[in-house]
2 protein chains.
Amino acid sequence: MSDLLERLRGRGWRMTAQRRVVAEVLAGDHVHLTADEVHARAVAKLPEISRATVYNTLGELVSLGEVLEVSTDKRAKRYDPNAHRPHHHLVCAQCGAIRDVHPTGNPMSDLPDSERFGFTVSDVEVTYRGICPNCAKA
Amino acid sequence: MSDLLERLRGRGWRMTAQRRVVAEVLAGDHVHLTADEVHARAVAKLPEISRATVYNTLGELVSLGEVLEVSTDKRAKRYDPNAHRPHHHLVCAQCGAIRDVHPTGNPMSDLPDSERFGFTVSDVEVTYRGICPNCAKA
DNA sequence: GCTTGACTTGGACAATGTCCAGCATGGGGC
DNA sequence: GCCCCATGCTGGACATTGTCCAAGTCAAGC
């Protein structure tokens, strides 16, 4: 995790308490938090941190490619710190739980040129939906 | 399209002017509208229709399986009337344009049991991202 | 330890969506 | 064809998520 902080510093980031806290929150074992959840956890560590700062910082992390924005079908965007290993998502349609998954094959190669309509395709996002074991039990 | 109205009537829908208008809007050649766009077009045909009704109707159509909710990364959900033919989406990262595409292969079979974590997986959604010809030109 | 410009703050605002109490009306039963 | 009433609609208040900005603060190079 501190390697993330190092990378950011190397990129000319000014290292503030707020940014450190946001990075720490994302690096925790809680994956796929919403911006609001990130804010809530950040406040726990640094009470005066503002919502705007959390949004800004998340946005910066995303554009630096350190964090991915994931939009499953919930209302809020979620942030995925696991940006350096390509992976897809498995979402519980009931409780909204998200797991990272690593399918075999490359969906990119499943899109023939005739289906690209002149687009320059650079990325694929795959979301599997289903019911998680917990919800299935209930 | 009138077949949609028939199907809905068959399911016990009360056929009101508002619902007809929403169905007509979705059936037009404008695919992937946001709820707000649907509302705007509906108002053009039936000035007094309220936002709440449009949201309600869209929600009902979705739970009846007549229309799909698509969340690309934009803020607003979009509604896809093409619910009866499985397909995926190609989104322009710049202007947000969306096209339906039909990849070869079935991503569902790319998810081994070991990667399902006990979920009952029922659905896959694939979103390709890139730059559309128009934006590439600009 | 100064200085400076990048960062943060808090609050206002915007966009999207939900809810509700009360009114309107489609369509079955006559 | 007409009535009735459950179902649907309305408009507006509210909730949630996200963006913007002016003014104050602080990290880091000197």
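Exactly one residue among A:Leu58, A:Thr16, A:Thr53 makes a side chain to side chain contact (heavy atoms under 4.5 Å, CB included) with A:Val22. That residue is A:Leu58.
Between C:dT18 and B:Tyr55, no contact under 4.0 Å exists linking OP1 or OP2 to a side-chain N or O. Listed pair A:Gln18 / D:dC26 fails the phosphate criterion, with no side-chain N or O lying under 4.0 Å from OP1 or OP2. Neither OP1 nor OP2 of C:dG10 sits under 4.0 Å from any side-chain N or O of A:Ser50.
At a threshold of 4.0 angstrom between heavy atoms, the contacts of A:Arg9 are confined to the sugar-phosphate backbone, with no base atom among them. Across all strands, A:Thr16 comes closer than 4.0 Å only to sugar-phosphate atoms, never to a base (heavy-atom distances).
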Take A:Arg11 and A:Glu60, measure what salt bridge (charged side-chain N to carboxylate O under 4.0 Å, His left out) needs, and give me the verdict at the end. CA-CA 12 Å; A:Arg11 301 222 210 180; A:Glu60 286 157 8; over 6 Å; no

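Atom P of nucleotide D:dA28 and atom CZ of A:Arg19 are separated by 10 Å, given to the nearest angstrom. Note: NZ (B:Lys77) to P (D:dT16) measures 15 Å, nearest angstrom. If you measure from atom CD of A:Glu48 to atom P of D:dT25, you get 13 Å, rounded to the nearest angstrom. Taking atom CD of B:Glu60 as the reference point, atom P of C:dG17 lies 16 Å away to the nearest angstrom. Taking atom NE2 of A:His39 as the reference point, atom P of C:dG11 lies 12 Å away to the nearest angstrom. Atom-to-atom, CG of B:Leu58 to P of D:dG8 comes out at 15 Å; the value is rounded to the nearest Å. Between B:Glu37 atom CD and C:dG17 atom P there is a gap of 11 Å when expressed in whole angstrom units. Rounded to a whole Å, the CG atom of B:Leu8 is 17 Å from the P atom of D:dT7.
B:Ala136 and B:Ile131 make their closest contact through N-CG2, 3.6 Å (heavy atoms, listed as atom of the first residue, atom of the second, distance).
In terms of position on DNA chain C, the residue among B:Tyr79 and A:Gly12 whose nearest nucleotide sits closer to the 5' end is A:Gly12. Mapping B:Thr34 and B:Ala17 onto DNA chain C via the closest heavy atom, the residue that lands nearer the 5' end is B:Thr34.
Below the 3.5 angstrom threshold, one finds a donor paired with an acceptor across the side chain of A:Arg14 and the base of D:dC26. Side-chain N/O atoms of B:Arg51 and base N/O atoms of C:dG17 include a donor-acceptor pair closer than 3.5 Å.
Using cut-offs of 30° and 60° on the angle between ring planes, the pair A:His89 and A:His32 is perpendicular.
For A:Asn56, the side-chain atoms get nearest to C:dT9 when compared with the rest of C:dT9, C:dG27, D:dT10.
Rounding to the nearest 0.5 Å places NE2 of A:His39 at 13.5 Å from CG of A:Leu33.
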